[in-house]
Amino acid sequence: MKTTAVHRLRLVSMPEGVSFVLLLICTYLKYNSGFNAVPVLGPLHGCLFIAYVIFAMLAWREQGWSFGRFVWVMALSVIPFGGLYAERLLAREERETAPSMA
């Protein structure tokens, strides 16, 4: 089982990205219809975002990322669908740094 900081960041990046997009949609619906899921999705997204930040900081330290790389990973968390892109980047990095089984 993988327990690296990059793997944990990968695990939280997808749900964080999806929750952000859902929160944007629900915010739009809140002001344009009677549907209001923001009180539920807001705190959920907030918890996922805090986990993302913590895991990004741990990955930055563990992987020895440059400051620019860290800023890029953090910027992806505030761009709609950025978390999904971050997950793909991190998956590639995780595959490249994984020890070979040969």
Side-chain angles (χ1 to χ4, degrees):
M1 174 177 268
K2 298 177 182 180
T3 59
T4 65
V6 171
H7 185 71
R8 290 187 298 259
L9 181 57
R10 273 190 63 209
L11 290 177
V12 78
S13 66
M14 181 84 63
E16 190 276 335
V18 171
S19 73
F20 182 51
V21 171
L22 289 175
L23 183 60
L24 291 175
I25 292 169
C26 288
T27 301
Y28 175 81
L29 291 174
K30 173 183 175 181
Y31 292 108
N32 294 302
S33 71
F35 183 75
N36 185 11
V38 173
V40 174
L41 279 175
L44 175 65
H45 172 69
C47 291
L48 288 169
F49 180 75
I50 289 169
Y52 185 93
V53 170
I54 290 169
F55 292 144
M57 292 173 70
L58 290 172
W60 178 25
R61 186 180 70 194
E62 184 180 291
Q63 297 297 115
W65 287 346
S66 67
F67 183 70
R69 171 90 174 168
F70 172 72
V71 168
W72 175 242
V73 169
M74 289 307 302
L76 288 174
S77 71
V78 295
I79 298 171
F81 300 105
L84 308 176
Y85 182 68
E87 195 279 330
R88 294 182 70 84
L89 285 176
L90 295 166
R92 186 177 332 135
E93 180 174 332
E94 194 173 26
R95 280 191 306 272
E96 290 171 357
T97 60
S100 63
M101 295 262 191

CA sep, side-chain torsions, deciding dist, call: Trp72, Leu89, side-chain contact (heavy atoms from CB on, under 4.5 Å): CA-CA 11 Å; Trp72 175 242; Leu89 285 176; 3.5 Å; yes
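In this structure, Leu9 and Leu58 have side chains that are not in contact, with every pair of non-hydrogen atoms separated by 4.5 Å or more. You'll find the side chain of Gln63 stays beyond 4.5 Å of the side chain of Arg69, heavy atoms only. Under the 4.5 Å side-chain criterion, counting only non-hydrogen atoms from C-beta, Val18 is in contact with Leu84.
Ring pair Phe67/Phe70 is tilted by interplanar angle, where 30° to 60° counts as tilted.
Within the 3.5 Å criterion, the main-chain N or O of Ala5 finds a donor-acceptor partner in the side chain of Glu62. For the pair Trp60 (side chain) and Trp65 (backbone), a donor-acceptor distance under 3.5 Å is present.
For Met74, the CE atom counts as densely surrounded, since its 6.0 Å shell holds more than 12 non-hydrogen atoms of other residues, nucleotides or ligands.
Taking CZ of Arg10 as the reference point, atom OG1 of Thr4 lies at 9.0 Å (rounded to 0.5 Å). In this structure, Leu90 CG and Met14 CE are separated by 10.5 Å, a value rounded to the nearest 0.5 Å. Taking CG of Leu23 as the start and CZ of Phe49 as the end, the distance is 12.0 Å to the nearest 0.5 Å. Thr27 contributes atom OG1, which lies 8.5 Å from atom CG of Leu41 (distance to the nearest 0.5 angstrom).
Here the closest heavy-atom approach between residue Ser19 and residue His45 is recorded as OG-ND1, 2.8 Å. Of all heavy-atom pairs spanning Pro80 and Leu24, the tightest one is CG-CD1, 3.8 Å. When every heavy atom of Phe81 is checked against every heavy atom of Val21, the shortest pair comes out as N-CG2, 3.8 Å. What you find for Pro43 and Val38 is that their closest heavy atoms are CD-O, 3.9 Å. Shown here for Tyr52 and Val73, the closest heavy-atom pair between the two residues is OH-O, 2.8 Å. Nearest heavy-atom pair, Glu16 versus Gly83, reported as atom, atom and distance to 0.1 Å: OE1-CA, 4.5 Å.
No continuous path of ILVMFWY side-chain contacts below 4.5 Å connects Val40 to Leu22, so the two sit in separate hydrophobic clusters. Follow the hydrophobic side-chain contacts under 4.5 Å out from Phe35 and you never reach Phe20; the two are in separate clusters. Under the 4.5 Å side-chain heavy-atom criterion for grouping Ile, Leu, Val, Met, Phe, Trp and Tyr, Met57 is connected to Phe55 within one hydrophobic cluster.
Under the salt bridge (Lys or Arg N to Asp or Glu O under 4.0 Å) criterion, Arg61 pairs with no residue, sequence neighbours left out.
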